[in-house]
> 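For reference, the structure I am asking about is given below.
Below, chains carry the letters A, B, ... as their sequence lines are ordered, and counting in each starts from 1. Below, each value reflects all heavy atoms present in this structure, side chains not excepted, and no hydrogens, waters or symmetry copies.
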Amino acid sequence: MRQSESFIPTLKELGADAIIPSHRLMLRAGLVRQVASGIFSFLPLGYKVLKVIMDILRREIDAIGGQEFFLPALNPIEIWQQTGRVEAMGDVMFHIKNREGLVLAPTHEEIITYHARQHLKSYRDLPQIWYQIQTKFRNEPRPKSGVLRGRQFFMKDAYSMDATWEGLDVSYQKHYEAYKKIFDSCNLKFFIVGASSGAMGGRQSQEFMIESDAGEDNCVICYACGYAANLEVASSNAHPSGRESTNLPIEEFPTPDARTIDDLIEKYNLLEERLAKSVVYIIDSQPVLIMMRGNDELNESKLQGVFGTGNFRPALPEELLVSSGANAGSIGPVGLKTKMKVIADNRLKDANGLVSGANRDGFHNKNIDFSRDCTIDGYYDLRTVCEGESCSNCGAPIRIVKAIELGHIFKLGTKYSEALGATFLDAHGNENPLIMGSYGIGVERIMAAFIEQHHDEKGIIWKKPLLPFHVHLLGINVPKFDDVTKACVDAYSELKKQGFDVLYDDRNENPGVKFNDADLIGIPVQVIIGRKNLDAGNIEIKIRETGERKVIQKSDLTDEIRKFYID
RNA sequence: CGGGAUAUAGCUCAGUUUGGUAGAGCACCUGCUUUGGGAGCAGGGGGUCGUAGGUUCAAAUCCUGCUAUCCCGACCA
């Protein structure tokens with residue numbers, strides 16, 4: 001492609017609106033343009049790379065037996081009502097205004113299950129893996145970070161239908177392996193985390209993440225052993241408080257000016273590890289007292305896991321007073337005004353010598369022994385892990401990083417097949433709901449994530465196979481000098497003949513413009529042909545990633561390029 | 001939905017405090033020069049100052065409503 005005839009609108013400067021590197025570079029290199037908040041046009045160069053990503057997705061999902069569909073973005077709302085997701089999605093789903101009963105699909109579980117119901121009637125029809133690479137529409141409350149969170153975006157979405165739970169495990173594992181190949185193919189440094197199954201139900205869920213400050217998820221990572229988990233489910237080797245040798249009788253003492261854990265530590269010279277913080281939640285309409293150590297933070301995802309419900313909230317101040325007899329800051333497990341369930345974090349298991357509220361405003365108890373003085377209905381991992389704690393796997397200090405979610409794989413189970421009546425007959429003639437899995441990847445996110453990981457101050461650094469062209473041929477002072485122009489045209493056609501995709505900068509621009517644009521666009525190899533070297537029969541090759549320059553003989557060009565791409 | 005900010009030429013922005021002829025750089029067009037890291041000179045085209053109202057002899061500028069966009073938070077299958 002001749003650059004003089006191409007639409008590659010690079011930008012020298014950019015406003016302050018775009019913050020993160022991938023967003024800025026995608027705009028500056030002429031890959032995308034924003035049309036409205038969260039809505040982007042892909043320009044030819046950007047779309048070219050996007051198609052490469054889609055090809056990789058197709059290749060790997062086809063390889064595990066996936067069959068590609070093209071599904072409608074316009075969906076009848078009835079089918080969404082049957083699964084209860086019109087309410088569940090709420091404002092996230094776009095509703096068509098001038099045609100009753102149509103919505104824009106934010107995802108495609110419903111439509112896939114609809115077709116499965118039509119035709120998958122026997123265990124002999126299973127398993128199936130169906131997928132699509134299509135636009136999804138979501139009315140995000142706050143689109144951000146360029147294409148990372150948009151209102152319209154491409155998703156590779158795959159669904160598996162199995163006759164048995166063991167079959168689902170197999171389908172799930174196939175996707176797990178395929179996803180690793182996909183992200184490896186894209187040269188992404190990624191990690192996989194166990195994720196909360198959340199409100200979707202289902203048995204297992206894993207997320208494919210890349211570390212990035214632009215990310216919206218927090219993940220625990222151990223660089224020593226590779227342990228990684230979403231903060232929602234992560235654990236660590238935080239030391240339990242344990243038992244002290246002296247076990248004095250419980251004793252109330254006045255603490256009129258202490259309402260927080262830090263107050264107690266500072267004003268009463270107490271150790272954090274001997275402090276038991278009380279948190280009251282209303283879970284399924286019942287108050288529950290939750291004991292956490294010191295300043296440990298309660299992890300609501302873990303709480304949801306323990307109680308198997310998302311129907312909970314912190315208690316209101318008046319509810320605290322009614323159930324415990326005291327206000328926040330003076331609540332504890334001993335002497336509660338009303339009987340309520342009491343659970344505690346594992347870190348406080350069977351501990352003694354503890355200080356906690358006395359359920360009388362302005363008083364605390366000391367020398368509390370959890371196994372002597374109160375009934376703990378259960379010990380669970382309830383705390384949010386902190387930076388620097390030791391890894392539960394290898395003991396090295398863990399880090400907490402922000403991460404971008406590129407993909408998730410999910411064992412859906414029978415939620416959708418039951419709701420929509422997608423059943424099959426098993427070998428015994430019994431009717432069963434299809435057992436489903438759902439596997440998504442954000443296509444634009446792969447591109448943005450790649451750029452986040454592969455750029456420098458000058459621009460993008462593409463790497464095979466994610467690249468818009470193999471070679472950027474820079475004609476220095478063309479079309480002015482006929483011999484330089486001829487050498488460029490010769491190199492251009494020779495490289496094309498060898499099967500390389502070449503962007504030939506034949507524009508009548510200053511050399512500086514061409515060099516800077518080339519570094520910005522980031523094609524891996526630049527071939528620079530100019531007066532300086534051509535008089536000696538030489539041309540120059542520059543490797544974008546390393547900046548390495550090599551002056552070679554003109555006749556060696558295709559060999560050098562081939563070597564670069566084969567190595 | 002809460003908090004903050006912004007809206008002026010294709011792009012990046014000044015001008016708004018203190019009301020009085022619409023500005024710069026880049027980009028674009030013409031000509032000449034230049035040519036290995038975002039060139040120089042000369043000439044030229046281009047704006048209903050987000051939008052609707054109000055105040056005023058006069059509004060980009062002051063006042064009110066609305067809209068859009070960005071950032072932080074909430075939310076996020």
> Could you pick out which residue, A:G146 or A:F515, lies toward the 5' side of RNA chain B when each is mapped onto its nearest nucleotide?
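The residue closer to the strand's 5' end, by nearest nucleotide, is A:F515.
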> Expected output is a numbered-order residue list: members of residues 16-29 of chain A with a heavy atom under 4.0 Å from any atom of RNA chain B. What is it?
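Residues of residues 16-29 of chain A under 4.0 Å from RNA chain B: A:A16, A:D17, A:I19, A:R28.
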> Going by purine N1 to pyrimidine N3 plus the second Watson-Crick contact, or the G-U wobble pair, all under 3.5 Å, which nucleotide sits opposite B:G43?
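Pair assignment: B:G43 / B:C29.
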> How would you label the contact of A:D91 with the nucleic acid (heavy atoms, under 4.0 Å): base, sugar-phosphate, or nothing?
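The residue A:D91 makes no contact with any strand.
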> Could you measure between the two P atoms, the one in B:U51 and the one in B:G37, and give it in whole Å?
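Pairwise P distance, B:U51 against B:G37, rounds to 44 Å.
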> Applying ring-ring contact (aromatic ring centres under 6.0 Å, His included), name anything that partners A:W130, two or more places apart in sequence or on another chain.
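Residues passing ring-ring contact (aromatic ring centres under 6.0 Å, His included) with A:W130: A:F69.
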> Do side-chain atoms of A:N299 reach the backbone of A:S301 as a donor and acceptor pair under 3.5 angstrom?
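The answer is yes, because a donor-acceptor pair under 3.5 Å joins these two groups.
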> For A:K136, what residues pass the salt bridge (charged side-chain N to carboxylate O under 4.0 Å, His left out) criterion, not counting sequence neighbours?
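Partners of A:K136 by the salt bridge (charged side-chain N to carboxylate O under 4.0 Å, His left out) criterion, ordered by chain and then number, come out as A:D157.
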> Under 4.0 Å, heavy atoms only, any strand: does A:G530 hit a base, just the sugar-phosphate, or nothing?
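It contacts base atoms.
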> Would you sort out whether A:F450 and A:W462 count as a ring pair (Phe, Tyr, Trp, His ring centres under 6.0 Å), showing the intermediate values?
CA-CA 8 Å; A:F450 178 90; A:W462 294 112; 5.4 Å; yes
> Atom CD of A:E207 and atom P of B:C76: how far apart are they, to the nearest Å?
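Whole-Å distance recorded here is 13 Å.
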> Is there a donor-acceptor pair under 3.5 Å between the side chain of A:N510 and the backbone N or O of A:G512?
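No, the answer is negative, given that no donor and acceptor are paired below the 3.5 Å cut-off.
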> If the condition is salt bridge (charged side-chain N to carboxylate O under 4.0 Å, His left out), which residues does A:E405 pass it with, not counting sequence neighbours?
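Here no residue qualifies.
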> Would A:R313 and A:Y281 count as a cation-pi pair here, with the cationic atom under 6.0 angstrom from the ring centre and within 45° of the axis?
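That pair does not qualify as a cation-pi contact.
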> Closest-nucleotide mapping onto RNA chain B: is A:I528 or A:S145 further toward the 5' terminus? I mean the 5' end.
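Going by which nucleotide is closer to the 5' end, it is A:I528.
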> Suppose you measure atom P in B:U69 against the same atom in B:C11; what distance do you get, rounded to whole Å?
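So the two P atoms sit 16 Å from each other.
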> Could you list all N or O pairs between the protein and nucleotides 23-29 of chain B that sit under 3.5 Å apart?
unit_1	atom_1	unit_2	atom_2	d
B:G25	N2	A:E13	OE2	2.7

> A:D535 CG to B:G36 P: how many Å, rounded?
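In whole Å, B:G36 P lies 13 Å from A:D535 CG.
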> Under 4.0 Å, heavy atoms only, any strand: does A:Q34 hit a base, just the sugar-phosphate, or nothing?
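Sugar-phosphate only.
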> Using a heavy-atom cut-off of 4.0 Å across all strands, would you classify A:M93 as base, sugar-phosphate, or nothing?
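No contact.
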> Determine whether any donor atom in the side chain of A:D517 lies under 3.5 Å from an acceptor atom in the base of B:G38, or the reverse, and answer yes or no.
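Side chain to base: pair found, below 3.5 Å.
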> Would you kindly give the CZ-to-C1' distance between A:R151 and B:U69, to the nearest whole Å?
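After rounding, the reported distance stands at 11 Å.
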> Sticking with atom P, work out how far B:A22 lies from B:U35, rounded to a whole angstrom.
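Going atom to atom, P in each nucleotide, I get 42 Å.
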> Return yes if a side-chain donor-acceptor contact under 3.5 Å exists between A:N230 and A:E207, otherwise no.
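Side-chain D/A pair, A:N230 to A:E207: present.
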> Name the pairing partner of B:A60, where a pair is Watson-Crick or G-U wobble with both distances under 3.5 Å, or state none.
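Partner of B:A60: none.
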> What interatomic distance, in whole Å, is found between P of B:G3 and the corresponding atom of B:G19?
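Nearest-Å result for B:G19 against B:G3 at atom P: 31 Å.
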> Just by distance, with hydrogens left out, do A:E300 and A:Q304 show a side-chain donor and acceptor under 3.5 Å apart?
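No pair is found: no donor N or O on one side chain lies under 3.5 Å from an acceptor on the other.
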> Rounded to the nearest Å, what distance is computed from the CZ atom of residue A:R149 to the P atom of nucleotide B:G73?
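So the two atoms are 13 Å apart, to the nearest Å.
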> My understanding is that a pair needs two contacts under 3.5 Å, Watson-Crick or G-U wobble. By that rule, which nucleotide pairs with B:U35?
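Partner of B:U35: none found under 3.5 Å.
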> Do any side-chain nitrogens or oxygens of A:S37 fall under 4.0 Å of OP1 or OP2 in B:A68?
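A:S37 to B:A68 OP1/OP2: no side-chain N or O under 4.0 Å.
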> For B:A60 and B:C70, measure between their P atoms and round to the nearest Å.
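Straight-line distance between the two P atoms is 28 Å.
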> Would you indicate, yes or no, if B:C71 has its OP1 or OP2 atom less than 4.0 angstrom from a side-chain nitrogen or oxygen of A:R142?
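For B:C71, OP1 or OP2 has a side-chain N or O of A:R142 closer than 4.0 Å.
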> Expressed as a whole number of angstroms, how long is the span from A:N533:CG to B:G36:C1'?
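Rounded to the whole Å, the gap is 9 Å.
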> Exactly one of A:R85, A:E110, A:Q82 should register a side chain to side chain donor-acceptor pair (under 3.5 Å) with A:Y416. Which one does?
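It is A:R85, the one option of A:R85, A:E110, A:Q82 that forms the side chain to side chain donor-acceptor pair (under 3.5 Å) with A:Y416.
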> So what does A:P106 touch, heavy atoms closer than 4.0 Å: a base, only the sugar-phosphate, or nothing?
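No contact.
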> Expressed as a whole number of Å, how far does the C1' atom of B:A68 sit from that of B:C26?
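One C1' to the other, the span is 25 Å.
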> Test of understanding: with ring-ring contact (aromatic ring centres under 6.0 Å, His included), list the residues that count as partners of A:F190, not counting sequence neighbours.
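Testing A:F190 for ring-ring contact (aromatic ring centres under 6.0 Å, His included), a comparison that skips the adjacent residues, returns A:F183.
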> If I pick the P atom on B:U17 and the same atom on B:C63, what distance separates them, to the nearest angstrom?
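9 Å, rounded to whole Å.
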> Figure out the CG/P separation between A:N516 and B:A39, and round it to whole Å.
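Rounding to the nearest Å, CG of A:N516 and P of B:A39 are 9 Å apart.
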> What pairs of residues pass the side chain to side chain donor-acceptor pair (under 3.5 Å) test when at least one of them lies in residues 1-11 of chain A, not counting sequence neighbours?
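Those involving residues 1-11 of chain A are A:R2-A:D506, A:Q3-A:H472, A:S4-A:D506, A:T10-A:D517.
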> Show me the pairs that pass ring pair (Phe, Tyr, Trp, His ring centres under 6.0 Å) and involve residues 502-551 of chain A, at least two apart or across chains.
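Non-adjacent pairs meeting ring pair (Phe, Tyr, Trp, His ring centres under 6.0 Å): A:Y492-A:Y504.
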> Rounded to whole Å, how long is the line connecting atom CD of A:E140 with atom P of B:C70?
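So the two atoms are 13 Å apart, to the nearest Å.
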> Flag the pair A:R549 and A:E540 as a salt bridge only when some basic side-chain nitrogen lies within less than 4.0 angstrom of an acidic carboxylate oxygen.
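Judged by the 4.0 Å cut-off on N to carboxylate O distance, A:R549 and A:E540 do form a salt bridge.
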> Base, sugar-phosphate, or nothing: which does A:T83 touch, judged by heavy atoms less than 4.0 Å apart?
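No contact.
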> Which base sits across from B:G19 as a Watson-Crick or G-U pair, both distances under 3.5 Å?
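Pair assignment: B:G19 / none.
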> Which residues within residues 66-73 of chain A lie with some heavy atom under 4.0 Å of an atom in RNA chain B?
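Within this stretch, nothing sits under 4.0 Å of the strand.
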> Across all strands shown, which nucleotide pairs with B:G73 by Watson-Crick or G-U wobble geometry, both distances under 3.5 Å?
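Matched B:G73 with B:C1 under the 3.5 Å cut-off.
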> At a heavy-atom distance below 4.0 Å, what parts of residues 472-490 of chain A sit against RNA chain B?
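Correct list: A:I476, A:N477, A:K480.
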> Could you please name the partner base of B:A68, counting Watson-Crick and G-U wobble pairs only when both distances are under 3.5 Å?
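By the stated definition (distances under 3.5 Å), B:U6 pairs with B:A68.
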> Return each pair, listed once, that meets salt bridge (Lys or Arg N to Asp or Glu O under 4.0 Å) where at least one residue sits in residues 16-41 of chain A; pairs must be two or more places apart or across chains.
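As it turns out, there is no salt bridge (Lys or Arg N to Asp or Glu O under 4.0 Å) pair with a partner in residues 16-41 of chain A once direct neighbours are skipped.
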> Once ring-ring contact (aromatic ring centres under 6.0 Å, His included) is applied, do any residues pair with A:Y439, and if so which ones, sequence neighbours excluded?
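With neighbours one apart ignored, the set is A:H175.
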> Do the side chains of A:I8 and A:L503 get nearer than 4.5 Å, heavy atoms only?
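SC-SC contact between A:L503 and A:I8 confirmed.
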> Would you mind reading off the distance between A:L14 atom CG and B:U12 atom P, rounded to a whole angstrom?
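After rounding, the gap between these two atoms is 7 Å.
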> Using atom P in both nucleotides, what's the gap between B:G45 and B:G23 to the nearest angstrom?
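Approximately 13 Å lies between the P atom of B:G45 and that of B:G23.
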